[in-house]
Amino acid sequence: MSKLAVAAKRLVVGRPQRSDRLNSTLLRKRIALPVFASDAMSSVAYAPEEIFLTLSVAGVTSYAFSPWIGLAVVIVMLTVVASYRQNVHAYPSGGGDYEVATVNLGKKAGLTVASALLVDYTLTVAVSISSAAANIGALIPFVGEHKMLFAVVAITLLTAVNLRGIRESGTTFAIPVYAFVFGIGAMLVWGFTRIVILGDEVQAASANLELVAEGDQFTGLALVLLVLRSFTQGAAALTGVEAISNGVPAFRKPKSRNAATTLLMLGTISITMFMGLIALAQAAGAKIAEDPARQFPDAPPGYQQQTMIAQLADAVFAGFRPGFFFVVVTTALILVLAANTAFNGFPVLGSILSQDRYLPRQLHTRGDRLAYSNGIVVLAFLAVLLVVGFQAEVTKLIPLYTVGVFVSFTLSQIGMVRHWSRALAEGPEPPERARIRRSQAINGFGAAMTGVVLITVLITKFTLGAWIAIVAMGGFFVLMLAIQKHYDRVSAELVADESDDVLPSRNHAVVLVSTLHKPTLRALAYARATRPDILEAVTVNVDDADTKKLVRDWDKREIPVPLKVVESPYREITKPVLDYVKRIRSDSPRNVVTVYIPEYVVGHWWEQVLHNQSALRLKSRLLFQPGVMVTSVPWQLRSSEGARGLSPLTAPGASRRGYPSSQAPLPGEGRGGGATTGGGLRPDAPSTPGKPATPRTTTTGTTPTGKRNR
């Protein structure tokens with residue numbers, strides 16, 4: 001099973017890469033675009049649809065607002081793209097919005113941005129995959145009926161691909177991303193060619209359906225709020241722009257310039273497709289209802305509402321089904337791959353936060369393929385929770401979506417304004433001063449625009465689910481503060497100054513014995529080689545006959561180490577050993593007690609299952625006693641020879657690296673045939689006296705104390 005697990009891991013992840021190959025994983029612009037910009041480009045697959053769907057509540061006449069809403073979204077997107085081009089030049093280290101806010105606005109502002117981005121990245125995966133399920137459902141009814149199952153499987157596959165490394169995942173995803181851009185571009189060009197030049201009638205399947213408003217009160221303030229809500233739904237098209245500023249270190253040199261160029265390419269492509277789809281939807285008369293069953297009273301029986309892109313592709317490529325299938329399939333693919341932006345942004349941000357001690361240190365390290373594997377797995381887990389919790393419904397997830405990204409946008413742009421103010425205070429030369437003022441103006445306008453959008457999002461979406469995102473951000477904020485507080489407390493306790501004396505006055509060594517066999521003799525020899533000040537062997541008397549035999553054999557072999565017997569009237573092992581070691585410590589508080597545990601190592605998982613865990617419990621108890629060291633002395637049995645070539649996680653003896661492996665006695669080995677743990681380490685239960693158990697093979701600083709019993 002161990003070899004099978006290793007083989008499965010290599011099949012999914014691939015062969016490990018050396019650390020010095022990190023530079024070879026850096027990305028060219030043509031690969032970086034699909035890696036970091038697929039989220040923002042894919043947003044055009046559902047953002048225009050969300051605008052129409054929201055307006056549909058007021059009836060078809062409200063669709064007249066859609067071009068103006070789209071234009072407002074475009075203005076904000078242009079502003080954000082221009083602003084982030086300043087960011088990547090000023091902060092190319094990869095911290096992105098978090099670094100900008102922390103450096104210029106303080107740690108709490110930075111932590112707020114980090115919390116918002118963590119939530120936003122998680123929602124990016126959930127929304128993109130759920131939208132992909134809806135689009136594929138237009139072709140495959142089974143997927144439409146089981147969107148949640150499809151989403152979970154898709155997230156799992158994305159996780160596996162990203163674990164293979166950023167370069168490999170970028171190469172894998174490049175073709176589908178560019179195919180999507182080509183498909184949408186071809187649909188827009190051919191659609192407008194047919195309408196404007198050829199004069200053809202291009203009508204969506206829903207064009208002739210009557211769209212009924214869900215009320216008659218959409219005038220005045222109610223209509224304004226509806227338009228604002230539609231704008232915030234369409235603003236989802238801006239999500240993902242910030243990922244490039246977080247991923248600057250992944251670009252090839254010159255990093256900042258390449259990242260800025262990629263941002264410009266992203267903005268140009270996204271805006272063209274976004275406005276093109278809105279215009280084509282109006283020209284084709286496409287209708288999207290929030291509640292099709294009620295709002296389409298004249299719909300034929302069994303009518304299934306398709307996504308806007310599916311409707312447009314069906315109308316534009318009427319009579320040419322391959323074109324329809326190409327657009328729908330590539331749209332579904334880009335929506336799945338859009339989550340890849342988060343799979344690159346979340347782990348990098350997690351690594352930076354971990355380095356700053358806001359998240360567990362495990363998120364800072366790279367995996368076998370030089371990707372931040374732990375961060376990838378954490379993101380996948382959180383996204384699956386969201387997909388399952390919201391049943392993979394895009395409309396339910398979207399209100400949660402844009403809150404986090406506009407929090408980070410706004411604070412980042414405010415931070416950049418302050419950054420340029422500090423630069424001006426340094427007194428640069430006139431040409432440089434002019435450039436700085438221009439950059440400051442761009443970031444200032446960006447802060448104003450994104451701030452207005454943020455307020456609008458909070459007003460229009462709070463009761464629709466935005467409060468959940470705010471609560472989640474608050475949860476991340478509090479959690480990260482608690483983690484940093486823990487790390488700070490541990491660091492303060494571990495700091496050594498000149499007055500600290502870490503050397504013990506004397507070393508009192510105790511070798512735990514169950515029977516006189518090879519592991520015991522090796523442990524005794526090893527303990528003697530360390531030259532402790534005091535050395536003694538200790539056994540726990542749980543069976544008088546076995547203990548008397550051990551004493552006779554000890555005397556017969558004339559072993560030059562005194563053997564002491566600790567009585568245990570209730571046949572327990574752990575507590576008598578703990579009490580004995582505690583008494584040693586209480587008699588000489590400045591002495592260190594080193595407990596040697598002889599044990600043997602087996603090679604098969606089923607052999608370990610057969611053995612008890614008494615030594616493991618003893619070690620875990622000793623771990624919390626000050627002034628005690630626990631040293632395991634392993635004896636490898638023949639069954640372990642075949643597993644010596646396994647990885648550290650699966651090889652016998654892996655327990656010495658911190659993994660559990662308890663062993664038990666072999667037949668014919670007397671009372672402790674195998675791992676000898678604890679004084680006598682006999683069985684855990686009275687029904688099996690005389691058998692020792694073996695704990696993990698680890699060496700840890702621990703702590704028992706006690707007096708000597710004979």
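Note that the structure is predicted; figures quoted are calculated from it, not measured.
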Sequence neighbours excluded, the answer for side chain to side chain contact (heavy atoms under 4.5 Å, CB included) partners of L424 is R433, I436, R437, Q440

Under 3.5 Å: donor-acceptor pair, side chain of S230, backbone of L226:
no

ask   = Do other residues, nucleotides or ligands put more than 12 heavy atoms under 6.0 Å from the CZ atom of R422?
value = yes

Exercise. Is the backbone of A116 close enough, under 3.5 Å, to the side chain of D120 for a donor and an acceptor to pair up by distance?
Worked result: no

Applying side chain to side chain contact (heavy atoms under 4.5 Å, CB included) to T79 and not counting sequence neighbours gives I75, S83, F445, M449

Test side chain to side chain contact (heavy atoms under 4.5 Å, CB included), reference F406, set L454, L411, V452, output is L454

- Message: Does any part of the side chain of I352, heavy atoms only, come nearer than 4.5 Å to the side chain of Y358, both counted from C-beta?
- Response: no

In this structure, CD1 of I129 is separated from CG of L397 (nearest 0.5 Å) by 11.5 Å

**Prompt:** So do L363 and L353 actually touch side chain to side chain, heavy atoms under 4.5 Å?
**Reply:** no

When every non-hydrogen atom of P347 is compared with those of A342, the smallest separation belongs to CD-O, 3.6 Å

Would T450 and Q413 count as having a side-chain donor-acceptor pair, cut-off 3.5 Å?
no

Heavy atoms of R361 and Y487 approach each other most closely as N-OH, 3.1 Å

The side chain to side chain contact (heavy atoms under 4.5 Å, CB included) partner of F52 among I69, L277, I278 is I278

Next on the checklist: Treating Q86 as the side-chain partner and S439 as the backbone partner, does any N or O pair qualify as donor plus acceptor under 3.5 Å?
Outcome noted: no

Looking at S354 and G350, would you say the former's side chain and the latter's main chain have a donor-acceptor pair under 3.5 Å? no

For the side chain of S408 and the backbone of V405, is there at least one donor-acceptor N/O pair under 3.5 Å apart?
-> yes

Of all heavy-atom pairs linking S56 and Y63, the shortest is CB-OH, 3.6 Å

- Can you tell me if CZ on F192 sees more than 12 non-hydrogen neighbours from other groups inside 6.0 Å? yes

Which of V189, I309, L280 passes side chain to side chain contact (heavy atoms under 4.5 Å, CB included) with I184? Answer is I309

- Item | Step-by-step side-chain hydrogen bond (donor to acceptor under 3.5 Å, both in side chains) determination, D97 to Y84 | CA-CA 9 Å; D97 294 342; Y84 272 95; 2.6 Å; yes

| said: Could you check whether any side-chain N or O of R85 sits under 3.5 Å from a backbone N or O of L263, counting only pairs where one atom can act as donor and the other as acceptor? | reply: no

